[in-house]
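These notes concern the structure reproduced below.
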Amino acid sequence: MEKKFKRTTVTAALPYANGPVHIGHLAGVYVPADIYVRYLRLKKRDVLFIGGSDEHGVPVTIRARKEGITVQQVVDRYHYLIKDSFEKFGISFDIYSRTTSDVHHKLASDFFRKLYDEDKLIQQTTEQFYDEETHEFLTDRNIRGECPRCHAADAYGDQCEKCGATLSPEELINPYNAINGNPLVKKQTTHWYLPLDRYQNWLEQWILQEHKEWRPNVYGQCKSWLDGGLKPRAVTRDLDWGIPVPVEGAEGKVLYVWFDAPIGYISNTKELCDSKPELGKWETWWKDPETRLVHFIGKDNIVFHCIVFPTMLKAHGDYILPDNVPSNEFLNLEDGKISTSRNWAVWLNEYLEELPNRQDELRYTLTANAPETKDNNFTWKNYQDCTNNELVAIYGNFVNRALQLTQKYYEGVVPTCGELTDYDKQTLEEFADVKTRVENCLENFKFRDAQKEAMNLARIGNKYIADMEPWKVIKTDPERVKTIIYISLQLTANLAIAFEPFLPFSSQRLREMICMDEFSWESLGSTDLLPAGKKLAKPSLLFTKIEDDVIQVQLDKLEAIKKANQEQNYRAKDIKETITYEDFQKLDIRVGTVLECERVPKMKKLLKFRIDDGLNQRTIVSGISQFYEPEQLVGKQVLFIANLASRQFKNGLVSEGMILSAENFDETISVTTVEHPVKPGSQVL
RNA sequence: CGCGGAGUAGAGCAGUGGUAGCUCGCCAGGCUCAUAACCUGGAAGUCGUUGGUUCGAUCCCAUCCUCCGCAACCA
């Protein structure tokens with residue numbers, strides 16, 4: 001398969017420039033893409049790694065309106081923030097540009113125009129909801145109105161949250177703009193559509209027959225789309241932000257963001273090649289059948305990269321098609337879905353500040369838990385474990401052992417290699433096997449497994465040193481120790497190569513320690529990477545442990561975010577049905593003084609109170625022990641319902657009444673009390 | 001009622017129609033060159049339930065149960 005191709009164009013999904021990037025982006029797309037590209041470069045293959053920000057579409061305009069700044073300011077801010085984060089994480093793009101560039105506007109515009117001129121697009125006029133005040137057409141989700149079924153006042157255009165009905169905007173009674181409340185009218189609008197249905201047969205052949213090797217999640221999703229029957233898809237929108245539709249009479253219309261964004265891969269390649277002639281013509285990377293095109297994306301992008309974009313390329317006619325589209329599932333954070341708006345994420349820019357120089361630790365953890373086959377979970381505890389138990393204990397420690405021994409015995413000079421024992425040879429062979437396995441994994445986009453294999457090299461090294469016991473042998477056979485250390489050092493040098501795609505920063509540092517300038521994937525497994533007599537630099541630790549308090553800070557931060565979200569989402573509950581004064585009079589609410597208060601054994605939530613109600617004493621049980629220590633409440637005056645029928649608990653405990661408490665937004669409980677002390681038994685009126 | 005995803009050792013995850021595997025954790029032993037790191041060994045799972053297909057199912061089919069998500073944005 002790979003022999004067919006002379007070069008590879010690798011693209012990574014264009015992140016949307018309306019917020020910073022987070023660990024989900026990294027785990028899903030950019031780290032695997034970067035590993036792949038670094039690997040290909042190490043193999044001396046021709047490869048370009050293309051990225052950029054996606055800066056068009058509605059959400060950036062909404063964000064700009066919300067923050068009171070221009071759309072350009074929004075995309076500028078996030079484009080540079082994102083670009084910077086990627087750079088600092090070692091995502092080795094050959095270019096990271098943006099879809100607001102002139103090159104892109106022209107190329108996307110020409111692309112559309114060619115399809116238009118050749119009648120590859122169809123034109124349709126439909127009626128859509130329009131806000132006459134803001135002069136905009138609204139998307140389903142931004143339309144609200146009365147639900148036709150349950151008559152809830154504020155159902156969405158696509159669904160009523162109250163009764164769960166699936167709706168279309170047309171069904172809503174009195175539709176209005178969800179953002180500003182303006183009434184909506186229906187208005188005709190004309191758009192251009194990409195007739196995917198015309199390509200149905202071709203797509204079925206191309207994907208279902210010719211690309212059975214695609215990942216199951218990708219293949220499966222494509223199949224389900226194809227089985228459902230493709231329909232024409234609009235490629236233009238009524239908006240004022242984007243690339244103007246290059247057709248007469250199309251004022252106020254722009255290319256749909258999903259039409260222009262993937263063309264951004266091409267534009268950015270062009271921008272790169274135009275500025276670096278040594279890379280050849282950009283067309284070579286997009287039109288030569290000997291070029292292999294690979295798109296790295298997240299699962300939400302599958303349909304666009306496997307169906308829509310290939311159809312666009314096919315319709316255009318000049319372009320090659322993707323050879324593979326490795327897509328990952330999603331990453332969760334501490335069991336919760338990552339969310340930009342709820343701020344539930346580990347933002348890369350914040351990580352870089354709070355945990356400086358620990359990019360490789362995150363890259364490692366994300367790859368070790370990569371959501372390749374199903375959604376996975378990122379936890380800070382796991383991050384700490386990966387770092388301390390694997391990077392530090394296995395990899396870092398092996399390197400340190402080899403280098404320290406070299407310092408100790410040979411003043412940091414690589415010793416000469418004597419005759420190899422069978423065990424030496426066996427160890428080196430294992431090393432070569434691992435190389436093959438890593439390659440197989442990487443060629444098949446199994447990054448999680450590939451990294452695990454790489455880590456195996458360090459395990460082999462640790463075992464080798466442990467089995468050889470050079471610190472013992474040095475006393476009896478110093479010549480033999482030279483060979484042992486020589487081999488250990490060669491293994492170390494090999495690790496620098498093997499980990500380069502995964503952990504570029506520590507690989508770089510390791511190479512500096514062992515003064516290794518040149519390296520390539522092909523030399524992985526060889527035993528002469530560091531010649532005898534070479535003086536090595538002074539060793540330092542490759543990785544350092546992450547202490548509990550560092551992790552706790554991150555957990556506390558997330559906990560605070562969770563709380564803030566709950567508070568933000570708090571809405572007082574609806575008021576209950578009206579009751580009469582007579583109804584109210586039936587309730588006998590009194591003030592009681594807490595005489596005793598204690599936990600109830602085996603009942604987690606319960607506190608048992610002894611209350612002075614003015615006439616007698618009574619026992620009341622209340623489920624608030626998570627929020628109060630019993631001592632805190634003794635002596636306090638609390639409100640309670642005095643005439644509630646008593647209730648018996650399983651263990652025989654009887655509660656004679658109910659203490660009134662308020663439940664806060666975060667489900668914490670606050671007991672009610674009185675402003676000034678009153679006699680026990682006072683009525684609450 | 002619904003849709004999607006998931007249920008495999010204490011935790012996190014692989015996996016396959018034919019004696020169940022990895023990492024971490026745990027226990028025991030070894031070692032001391034090394035960041036209390038490393039090496040060896042061990043315990044621990046009736047692969048969610050119940051049926052079915054099969055010579056044989058963790059893997060196929062069906063049923064049921066449980067958990068998570070199902071506004072927008074987003075990989």
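Residue numbers start from 1 in every chain, and the chains themselves are labelled A, B, ... in the order their sequence lines are given, proteins ahead of strands. Every value quoted in this text rests on a predicted model; they were computed, and no experiment measured them.
I23(A) pairs with exactly one of V31(A), T365(A), I338(A) by the side chain to side chain contact (heavy atoms under 4.5 Å, CB included) rule, that one being I338(A).
Taking the charged nitrogens against the carboxylate oxygens, K472(A) and D477(A) have no contact shorter than 4.0 Å, which rules out a salt bridge.
Of the candidate nucleotides A75(B), A34(B), U35(B), A34(B) has the atom nearest to the side chain of N397(A). The nucleotide whose nearest atom lies closest to any side-chain atom of L541(A) is, among C39(B), C74(B), U35(B), U35(B). Of the candidate nucleotides U23(B), A75(B), C33(B), A75(B) has the atom nearest to the side chain of I338(A). Checking U23(B), A75(B), U32(B) against the side-chain heavy atoms of H25(A) singles out A75(B) as nearest. The R401(A) side chain lies nearest to A34(B) when the options are A34(B), A37(B), A75(B). Closest approach to the N400(A) side chain among C74(B), C38(B), A34(B) is made by A34(B) (side chain taken as heavy atoms from C-beta onward). In the set C33(B), C13(B), A75(B), A75(B) carries the atom at the smallest distance from any side-chain atom of Y16(A). Across C33(B), A37(B), C39(B), the shortest atom-to-atom separation from the side chain of A466(A) is found for C39(B). Taking the side chain of R448(A) as heavy atoms from C-beta on, and the options C31(B), G12(B), A14(B), the nearest nucleotide is A14(B).
Note on P470(A): nothing from the nucleic acid sits closer than 4.0 angstrom, heavy atoms only. Using a 4.0 Å heavy-atom cutoff across all strands shown, F543(A) reaches at least one base atom of the nucleic acid. P15(A) comes within contact range of the sugar-phosphate backbone alone, with a heavy-atom separation under 4.0 Å but no base atom that close. If you check every strand for non-hydrogen atoms under 4.0 Å, L542(A) touches a base. Residue A393(A) is classed as a sugar-phosphate contact, given heavy-atom separations below 4.0 Å to backbone atoms only. Using a 4.0 Å heavy-atom criterion, one finds that K381(A) contacts no nucleic acid atom at all. Across all strands, N18(A) comes closer than 4.0 Å only to sugar-phosphate atoms, never to a base (heavy-atom distances). As judged by a 4.0 angstrom heavy-atom cut-off over every strand, L331(A) is placed among the base-contacting residues.
Toward the 5' end of RNA chain B, the nearer of the two residues N377(A) and D385(A), judged by each one's closest nucleotide, is N377(A). The nearest heavy atom of RNA chain B to N382(A) and to G28(A) marks one nucleotide each, and the one closer to the 5' end goes with N382(A).
Rounded to whole Å, the separation between the P atoms of A36(B) and C26(B) comes to 16 Å. When the P atom is used for both A11(B) and A72(B), the distance is 34 Å, rounded to whole Å. Using atom C1' as the reference point in both A20(B) and A44(B), the two lie 13 Å apart (nearest Å). Between G12(B) and G69(B), the distance separating the two P atoms is 16 Å to the nearest Å. The gap from the P atom of A9(B) to that of A62(B) amounts to 25 Å, rounded to the nearest Å. Going from the C1' atom of C61(B) to that of G21(B) covers 26 Å, rounded to whole Å. With P as the reference atom, U8(B) and C13(B) are 9 Å apart, rounded to whole Å. With C1' as the reference atom, U49(B) and U63(B) are 9 Å apart, rounded to whole Å.
Under 4.0 angstrom from either OP1 or OP2 of C13(B) there lies at least one side-chain N or O belonging to N376(A). Put simply, K463(A) has a side-chain N or O that comes within less than 4.0 Å of OP1 or OP2 on U40(B). Applying the 4.0 Å criterion to OP1 and OP2 of A37(B), one finds that K545(A) has a side-chain N or O inside that range. Look at R459(A) and you won't find any side-chain N or O under 4.0 angstrom from OP1 or OP2 of A37(B). Contact annotation: N389(A) side-chain N/O to G25(B) OP1/OP2 distance is under 4.0 Å.
Pair assignment for U66(B) gives A6(B), based on Watson-Crick or G-U wobble hydrogen-bonding distances that are each under 3.5 Å. Nucleotide A72(B) forms no Watson-Crick or G-U wobble pair with any nucleotide shown, as no partner meets the under 3.5 Å limit on both distances. When both distances must be under 3.5 Å, the Watson-Crick or G-U wobble mate of C60(B) is G52(B). The partner of G41(B), taking Watson-Crick or G-U wobble pairs whose two distances both stay under 3.5 Å, is C27(B). With a cut-off of 3.5 Å on both Watson-Crick or G-U wobble distances, the partner of A34(B) is given as none.
Side chains of L403(A) and L489(A) form a contact here, defined as non-hydrogen atoms less than 4.5 Å apart.
In this structure, NZ of K452(A) is placed 15 Å from P of G12(B), rounded to the nearest angstrom. Protein atom CG of N462(A) is 18 Å distant from nucleotide atom P of C31(B), rounded to whole Å.
Ring orientation note: the planes of F445(A) and F296(A) are nearly perpendicular, at an angle over 60° on the 30°/60° scale. Taking the six-membered ring where tryptophan is involved, the planes of Y351(A) and F89(A) are tilted, since the angle between them lies from 30° to 60°. Between W380(A) and F378(A), the angle of the ring planes goes over 60°, which puts this pair in the perpendicular group of the 30/60° scheme.
W214(A) and P322(A) get closest at one heavy-atom pair: CZ2-O, 4.1 Å.
Checked against the 6.0 Å centroid criterion, the rings of Y96(A) and H79(A) qualify as a close aromatic pair.
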